[in-house]
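Okay, structure first, notes after.
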Amino acid sequence: YQRLITMARDFGKAMKLEKIDIENLALLAELHDIGKVGLEKELLLKSGPLSEEEWQSIKRHPELGFKIVSASTKLTHIGKGILAHHEHWDGNGYPQGLKGEEIPLIARIFSIVEAYDVMTHERSYKPTYTKDRAIIELKRNSGTQFDPSLVVAFLNYIKNI
């Protein structure tokens with residue numbers, strides 16, 4: 001997670017976000033999947049394709065994470081970002097089906113950072129993309145999965161790293 005936290009913080013700085021927003025973005029990177037503690041270990045470690053029922057279980061992790069951090073007064077402010085980090089710009093994400101600017105800015109930023117990280121680093125369930133291939137994918141999903149203006153900002157950021 002440290003790589004993801006660092007990238008989130010650095011992108012926040014590149015966007016000239018306020019210091020508190022940068023730290024909240026880094027905290028979201030650290031805690032975004034905390035809801036997975038409520039899921040069966042076997043489900044998270046499964047190497048093959050998920051059944052529809054298994055996929056529905058996995059999709060519960062943002063809501064579980066929101067509930068977990070909402071129990072702490074020190075973390076409650078990050079809850080909406082956790083809840084919304086799988087929402088899509090076009091409204092086809094989950095769990096609430098939020099669209100466009102209904103999605104908290106912190107979640108829209110983080111979803112791009114996380115997607116790039118997932119694409120460019122090894123995972124057992126998918127091939128690793130080159131930086132150029134990841135850029136193509138981000139552009140392809142701009143306006144559907146991702147906020148188009150934030151994709152432009154992120155692409156400007158990553159060309160310098």
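Since we're looking at a predicted model, the values are computed, not measured.
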Spell out, yes or no, whether [X] and [Y] are grouped together once hydrophobic residues are joined by side-chain heavy atoms under 4.5 Å, including indirect joins.
| X | Y | answer |
| --- | --- | --- |
| L39 | W55 | yes |
| I82 | V37 | yes |
| I135 | I161 | yes |
| L155 | L17 | yes |
| L83 | I58 | no |

Quick one: does [X]'s side chain get under 4.5 Å of [Y]'s, heavy atoms only?
| X | Y | result |
| --- | --- | --- |
| E114 | M7 | no |
| K46 | L50 | yes |
| L105 | R108 | yes |
| S111 | H85 | no |
| Y116 | H121 | no |
| I106 | D21 | no |
| Y1 | D33 | yes |
| I5 | L25 | no |

Would you give the length of the straight line joining atom [atom1] of [X] to atom [atom2] of [Y], rounded to the nearest 0.5 angstrom?
| X | Y | atom1 | atom2 | value |
| --- | --- | --- | --- | --- |
| H77 | L28 | NE2 | CG | 9.5 Å |
| D90 | N141 | CG | CG | 9.5 Å |
| I22 | M15 | CD1 | CE | 9.5 Å |
| S57 | E52 | OG | CD | 10.0 Å |
| E30 | Q2 | CD | CD | 8.0 Å |
| F66 | T76 | CZ | OG1 | 6.5 Å |

message = Taking the ring of Y94 and the ring of H88, is the distance between their centroids below 6.0 Å?
response =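 No: the rings miss the under 6.0 Å criterion.
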query = Is the ring centre of H86 less than 6.0 Å from the ring centre of H61?
reply = yes
ask   = Are T144 and W89 close enough, and set up right, to give a side chain to side chain contact (heavy atoms under 4.5 Å, CB included), and what steps lead you there?
value = CA-CA 5 Å; T144 54; W89 184 253; over 6 Å; no
ask   = Would F154 and I158 satisfy side chain to side chain contact (heavy atoms under 4.5 Å, CB included), going step by step from the backbone distance to the final call?
value = CA-CA 6 Å; F154 187 76; I158 62 166; 3.3 Å; yes
message = Tell me whether E137 is salt-bridged to R140, with the criterion being a basic N under 4.0 Å from an acidic carboxylate O.
response = yes
inquiry  = For the residue pair D147 / S149, report whether a side-chain donor-acceptor contact shorter than 3.5 Å exists.
reply    =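 Result is yes, a qualifying pair exists.
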Can you check whether [Y]'s main-chain N or O pairs, donor with acceptor, with [X]'s side chain at less than 3.5 Å?
| X | Y | result |
| --- | --- | --- |
| E102 | K99 | yes |
| E54 | S51 | yes |
| E87 | I103 | no |

request  = Look at the rings of Y157 and F11 and say which category their plane angle falls in: under 30° parallel, 30 to 60° tilted, over 60° perpendicular.
outcome  = tilted
